[in-house]
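Heads up, the thing below is written out as structure tokens.
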Amino acid sequence: MTNSIADIHLADVLLVTGSNTTEAHPVISLEMKKAVRKRGAKLILIDPREIELADFAAIHIRPRSGTDVALLNAMAHVILAEGLEDREFIAARTENFEAFKEAVKDCTPQWAEDITGVPADMIVEAAQVYGRAGSAAIFWAMGITQSSHGTDNVQALANLALLTGNFGRPGTGVNPLRGQNNVQGACDMGGLPNVLTGYQPVTDEAARTKFENAWQTKVKIPPAPGLTVTELMNGVLEGRIKALYIMGENPILSDPNTNHVREALEEIEFLAVQDIFLNETAQMAHVVLPGVSFAEKEGTFTNTERRVQLVRPALPIRGGARRDLDIICDLGQRLSGVSADDSTDVVHPVTNWNYAGASAVWDEIAALTPTMAGIRYERLVPHGLQWPCPAPDHPGTPILHKEKFTRGLGRFTPLTFREPAENPDEEYPFVLNTGRVLQHWHGGTLSRRSEGLDWVVPEGEIQINDADGVRLGIATGDLIRVKSRRGEVTGKARLTNKLPRGMVFMTFHFAEVPANALTNDAVDPVAKIPEFKVSAVKIERV
Amino acid sequence: MIKPDRIVTTICPYCGVGCTLNLHIKSDVVYRVTSPFDAPANHGNLCVKGRFGYDFIHAKDRLTQPLMRKDGKLVPAAWDEAMGYVAERLLEIRDKYGPDSIGFLVSAKCTNEENYLLQKVARGLIGTNNVDHCARL
Ligand code: SF4
């Protein structure tokens, strides 16, 4: 998020898209509701489903799946046509405006209506409400990024914020709501194929050299980015990837096109899994290393507003499990050939992998990461710190891009609308959408072990629109089969008026009803995020 | 009412909001979760997952010893044997097929420090940028 959770309630207008916030980020939705109910903020909701936030929305736009760019381009068109853009901001702080203006010139509301199915009047109204706001904040989640043009979708949203000068002030900004508790941190820590910590690119020689020197590596960090999850799985099947080390993830359940992942893991020469449960992926491993849960370890998580917060050990380690940090350090010592004698020498943890606890690891991160250089464990009590925090006396950064953008000028991105990779057709006439419910979490490994949560929502249902159900002779509770070009899944149907006609909705929390056996692994060309939200399927009674 | 042996302040393991949790603990069991009103992200609010979703910590099927595949089956093993085998196989495969034949998945559920160190293993010891996690998913 460019902004903070604490300033959400200061927005005059909230534009929420591709986020079922009340279910996926419940506590953030409270702030949104507060803005609407207490301060009279206007909520523009863009979502094909009738989600709970719709009750709070001034305008609820329900576009055809995968047509976001057309809709957002048309909103920009209207803002320009009506002179609602922030000229001062555009002149002082942005670049490439003319090219952008040219790109949206023909994106009239009528043009967008034909593509998105949203009435032109509604598009005009939404653009006016957003364009006239004193402060407007945009929020999105996986509904925007899990698309074969997710990067375009995000840029289309950023264009709107640039156009109206909605950056750098409370109640503004572009705010992705991150899914997992430490997605933000995993990315910040270089858990991506193209960057080291703090997004220092691996393609930057100076950055590589800095890390190689600090770590005193015997190998070189390659100058080219590595492979993404999806590419790794393909790599296994192509015979290029021979070994995988998987920590705390269950790709069999969370990856698109599950069958493909299973095939890959059956094929692989060596698979090591570090986890707290023998999940579907661990069951296929050659070695399983038992780590510990968040309640038994020390460290930090970074939340969606870039706040680094302390995780404290609350319970003793169970049985013969080991702290994850100790497992990795043990591996580090074995791989680097550090002898047992060296490993007791706490003076050189960087090369000897014998850190005196998580805070010593953090100190190494801070020393190598300019945007976090000022963060120390002592400073995280009681409220954490939001990076960038470059110096020991820096208070952290609740709002990004205040005076200038990180890259200097904010750049407009001209975009052309492209259809989703797989649209419904005669054979597969329905669009499959996937998502979460409030009570469960991701692959369900954690939440389904909580009796209360599993009791409220014990099984994965397949939701379809009432009218579609009636037409196909399907009633709630009937067993139905959903088929895509990649696989099929059987489960109980639930008819609902919350979905538009022609849409099927499933969650991916349940191993018995694995939605991702159906989804498309076509990926966005830049971010390499698979298209989870648009797959063509057909349904039939079993 | 149960009196806690201790209350430990930590962060919710579920979603990216990052709510502050107070774990109430009696005899090494978490029996209640609350949140302080001055918590920066959530001001004392919690959703059902944060407030009630902690049974998994005490689940009976938590892994408590390393497992190794022998004759096709995963069987209990000692730490030294399991770790030694992992290191040996990774080095063997690196020497035979090159560093880019190995991939690492770090975790959006694990801590910053763990993620940092695992990518350090990948980049600094194996010599590959094949590091990713399931967060795009
Ligand atoms: S309590 Fe709920 S909203 Fe808060 S971090 Fe946990 S899962 Fe997210």
Side-chain angles (χ1 to χ4, degrees), chain A residues 5 26-27 178 180-181 183 185-186 189-191 193 202 215 217 219 221-222 226-229 232 242-249 254 270 272 286-288 290 293-295 299-301 303-304 309 311-312 314 319-321 324 328 330 334-335 358 361 365 383 441 446-447 449-450 452 529, chain B residues 8 10-11 13-14 16-19 23 28 40-42 45 47 52-53 55-57 59 62-69 82-83 86-87 89 93 97 101-119 121 123-125 127 129-137:
Chain A
I5 297 168
V27 165
R178 309 305 303 259
Q180 299 262 18
N181 59 325
V183 175
M189 290 301 111
V202 296
W215 293 343
T217 58
V219 295
I221 301 171
L227 302 180
T228 63
V229 183
L232 283 170
K242 301 291 184 187
L244 282 174
Y245 189 104
I246 301 178
M247 169 174 81
E249 300 262 2
S254 59
F270 182 66
H286 297 96
V287 181
V288 181
S293 82
F294 80 108
T300 54
F301 289 155
N303 80 349
T304 188
Q309 308 193 90
V311 176
R312 294 182 183 82
D324 297 83
I328 304 167
D330 186 341
R334 288 171 197 263
L335 290 176
V361 181
I365 297 166
H383 290 153
W441 185 250
L446 306 188
S447 57
R449 284 186 172 74
S450 290
I529 300 180
Chain B
V8 178
T10 190
I11 303 300
Y14 284 101
V17 177
C19 296
L23 305 181
D28 287 337
N42 58 310
N45 294 313
C47 80
F52 302 113
D55 292 355
F56 79 89
I57 303 172
R62 281 273 305 270
L63 287 168
T64 53
Q65 53 188 341
L67 304 173
M68 285 177 77
R69 191 168 295 280
M83 292 305 301
V86 173
R89 290 295 281 139
I93 288 171
Y97 304 103
S101 66
I102 302 177
F104 289 81
L105 294 191
V106 301
S107 172
K109 301 230 72 74
C110 288
T111 64
N112 288 327
E113 292 75 9
E114 289 152 5
N115 282 309
Y116 167 77
L117 282 189
L118 192 57
Q119 65 92 39
V121 165
R123 294 191 159 108
L125 295 179
N129 283 320
N130 289 342
V131 181
D132 200 7
H133 61 278
C134 297
R136 323 156 182 268
L137 310 174

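Proteins come first, then strands; the chains are lettered A, B, ... in the order of their sequence lines, and each starts at number 1.
Within the 4.5 angstrom heavy-atom criterion, atoms from both the backbone and the side chain of Leu117(B) approach chain A. Heavy atoms of Ile57(B) lying under 4.5 Å from chain A belong to its backbone as well as its side chain. In this structure, chain B has heavy atoms under 4.5 Å from both the backbone and the side chain of Ile246(A). Looking at Val8(B), only its side chain comes within 4.5 Å of chain A, counting heavy atoms on both sides. With a threshold of 4.5 angstrom between heavy atoms, Glu114(B) approaches chain A through its backbone and through its side chain.
The side chain to side chain contact (heavy atoms under 4.5 Å, CB included) test with Val17(B) is passed by exactly one of Asn181(A), Ile5(A), Asn303(A): Ile5(A).
Checking side-chain atoms of Asn130(B) against main-chain N and O of Gly226(A) turns up no donor-acceptor pair under 3.5 Å. Not a single donor-acceptor pair under 3.5 Å links the side chain of Gln119(B) to the backbone N or O of Gly191(A). The main-chain N or O of Gly299(A) is never found under 3.5 Å from a side-chain atom of Thr111(B) such that the two would form a donor-acceptor pair. Judged purely by atom type and a 3.5 angstrom limit, Asn129(B) uses its side chain to pair as donor or acceptor with the backbone of Pro222(A).
Residues Met83(B) and Arg334(A) have side chains in contact (heavy-atom distance under 4.5 Å, counting atoms from C-beta outward). The shortest side-chain heavy-atom distance between Thr217(A) and Arg123(B) does not fall under the 4.5 Å cut-off. Pro40(B) is listed as a side-chain neighbour of Gln309(A), based on a closest heavy-atom distance under 4.5 Å. The closest side-chain heavy-atom distance from Arg62(B) to Ser293(A) is below 4.5 Å. No side-chain heavy atom of Leu125(B) sits under 4.5 Å from any side-chain heavy atom of Trp215(A). When side chains are defined from C-beta on, Leu335(A) counts as touching Val121(B), because their heavy atoms get closer than 4.5 Å. Residues Pro193(A) and Val131(B) fail the side-chain proximity criterion, which asks for heavy atoms closer than 4.5 Å.
The most heavy-atom pairs under 4.5 Å with chain B, out of Val288(A), Val361(A), Asp324(A), come from Val288(A). Chain B forms the most heavy-atom pairs under 4.5 Å with one residue out of Leu227(A), Thr304(A), Val311(A), and that residue is Leu227(A). The greatest number of non-hydrogen atom pairs below 4.5 Å with chain B, out of Gly320(A), Gly319(A), Pro290(A), is found for Pro290(A). Annotation: maximal heavy-atom pairing with chain B below 4.5 Å, among Ala272(A), Ala295(A), Ala314(A), occurs at Ala314(A). Ranked by heavy-atom pairs shorter than 4.5 Å toward chain B, the options Gly185(A), Ala243(A), Ala321(A) are led by Ala243(A).
Atom NE2 of His133(B) sits about 11.5 Å away from atom OG1 of Thr228(A), to the nearest 0.5 Å. In this structure, SG on Cys134(B) lies 3.5 Å from CD on Glu249(A), to the nearest 0.5 angstrom. Between the CD atom of Glu113(B) and the OG1 atom of Thr300(A) there is a distance of 3.5 Å, given to the nearest 0.5 Å. Between Arg312(A) atom CZ and Thr10(B) atom OG1 the span is 7.0 Å, to the nearest 0.5 Å. Of the inter-residue distances, the one linking Leu244(A) atom CG with Ile102(B) atom CD1 reads 9.5 Å to the nearest 0.5 angstrom. Once rounded to the nearest 0.5 Å, the distance linking NZ of Lys109(B) with CZ of Phe294(A) reads 10.0 Å.
Shown here are the ring pair (Phe, Tyr, Trp, His ring centres under 6.0 Å) partners of Tyr245(A), two or more places apart in sequence or in another chain: Phe104(B).
Nearest approach of Val27(A) to Cys19(B), heavy atoms of both residues: CG2-SG, 3.8 Å. Ala108(B) and Ala186(A) get closest at one heavy-atom pair: CA-CB, 4.1 Å.
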Query - Derivation and outcome, side chain to side chain contact (heavy atoms under 4.5 Å, CB included), residues Leu105(B) and Leu232(A) - result: CA-CA 10 Å; Leu105(B) 294 191; Leu232(A) 283 170; 3.9 Å; yes
